[in-house]
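Right, one structure below, let's go through it.
We count residues from 1, following the sequence as given. The structure presented is a predicted model; accordingly, all values stated were derived computationally and were not measured.
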Amino acid sequence: MWGVTSSHHFQPHDLVFTSSVFARHAAKLADVGVSSVSWRVIAAISRRGPLRPREIASLEQVSRPTATIFLQRLEKKGLLQRAVDPEDSRSVLFDLTDQGREALSTWRVSLDGALAPRLQELSEKDITTLIEAQNLMQRIIAEEN
């Protein structure tokens, strides 16, 4: 159960809060020029392929109108393009443009560059712990999706 495990006190909400703060901190350090929501949406489309607005809304835990606003902004910036959904002509799919792929690549390099000096200060054991935590988080996410 949650709480005290061996000599550690673990609360799931602390993990969520810390992960969120870390993501915002990394984006601020990298100064990527867009909100963390924007690059998360673009990264999600990069990983999963074209997505419907309702899928983005679900991934980002926002209402569909809110997701639509974000998608329209990214489309106006030339980072996304829309196409008619071949499975449902009443719906649209958003996909990355070449400019969107280039921007994501640039953002990743910026994030890596901003975080590298801080991560280089960590021990090999700490880096291994971060990798293991990342793998566990990805497994939990995969099980939910």
Side-chain angles (χ1 to χ4, degrees), residues 2-3 5 8-123 125-145:
W2 306 121
T5 57
H8 302 287
H9 188 73
F10 175 77
Q11 295 295 329
H13 64 265
D14 289 334
L15 176 63
V16 172
F17 178 75
T18 302
S19 297
S20 177
V21 171
F22 183 81
R24 286 193 310 275
H25 179 69
K28 182 179 176 183
L29 287 173
D31 191 24
V32 295
V34 296
S35 70
S36 59
V37 172
S38 295
W39 58 265
R40 283 196 317 265
V41 167
I42 289 174
I45 293 171
S46 175
R47 280 191 311 274
R48 296 169 179 251
L51 294 172
R52 295 170 187 85
R54 72 174 182 268
E55 293 169 318
I56 294 292
S58 176
L59 287 171
E60 286 300 315
Q61 303 280 315
V62 297
S63 69
R64 186 168 174 193
T66 299
T68 299
I69 290 168
F70 273 110
L71 292 166
Q72 288 171 342
R73 285 182 190 158
L74 294 170
E75 183 180 27
K76 283 180 185 174
K77 289 181 179 185
L79 303 174
L80 296 180
Q81 61 191 356
R82 70 173 72 205
V84 174
D85 184 342
E87 295 177 13
D88 180 358
S89 61
R90 298 167 296 163
S91 187
V92 296
L93 292 169
F94 282 87
D95 198 2
L96 297 181
T97 62
D98 289 341
Q99 183 180 343
R101 279 185 274 285
E102 289 172 20
L104 180 59
S105 178
T106 299
W107 298 338
R108 287 176 171 159
V109 169
S110 295
L111 287 165
D112 290 349
L115 291 172
R118 287 142 184 95
L119 295 176
Q120 287 173 349
E121 297 171 1
L122 299 177
S123 70
K125 181 180 179 213
D126 286 343
I127 295 293
T128 299
T129 299
L130 287 174
I131 292 167
E132 290 170 353
Q134 175 187 340
N135 291 338
L136 285 170
M137 292 170 75
Q138 288 173 336
R139 190 175 80 208
I140 291 168
I141 293 166
E143 290 170 0
E144 294 296 316
N145 293 326

- Item | Close side-chain approach of F22 to L115, heavy-atom, < 4.5 Å | yes

- Reported CD1-to-CG distance for the pair I140 and L15, which is rounded to 0.5 angstrom: 7.5 Å

- Message: I'd like to check L74 versus F94 (side-chain heavy atoms, cut-off strictly below 4.5 Å). Are they in contact?
- Response: no

- Note on the structure: With sequence neighbours left out, the residues meeting salt bridge (charged side-chain N to carboxylate O under 4.0 Å, His left out) with D88 are R90

- Quick one: does L119's side chain get under 4.5 Å of L130's, heavy atoms only? yes

- Item | Contact list for residues 70-81, test salt bridge (charged side-chain N to carboxylate O under 4.0 Å, His left out), sequence neighbours left out | E75-R82

- Residues passing the side chain to side chain donor-acceptor pair (under 3.5 Å) test with S38, sequence neighbours excluded, are S35

- Contact list for residues 12-24, test salt bridge (charged side-chain N to carboxylate O under 4.0 Å, His left out), sequence neighbours left out: none

- Message: Does any part of the side chain of L96, heavy atoms only, come nearer than 4.5 Å to the side chain of L79, both counted from C-beta?
- Response: no

- Query: Do the side chains of R139 and N135 get nearer than 4.5 Å, heavy atoms only?
  - Reply: no

- Item | Sub-4.5 Å side-chain heavy-atom contact between L122 and T129 | no

- Message: Considering only residues two or more places apart or on different chains, which pairs with a residue in residues 100-110 satisfy salt bridge (charged side-chain N to carboxylate O under 4.0 Å, His left out)?
- Response: D98-R101

- With the side chain counted from C-beta on, respond yes when P53 and V92 share a heavy-atom pair under 4.5 Å apart, and no when they do not. yes

- Any pair with a residue in residues 52-66 that passes salt bridge (charged side-chain N to carboxylate O under 4.0 Å, His left out), sequence neighbours left out, goes on the list, sorted by first then second residue, please. R40-E60, R52-E55, R52-D85, R52-E87

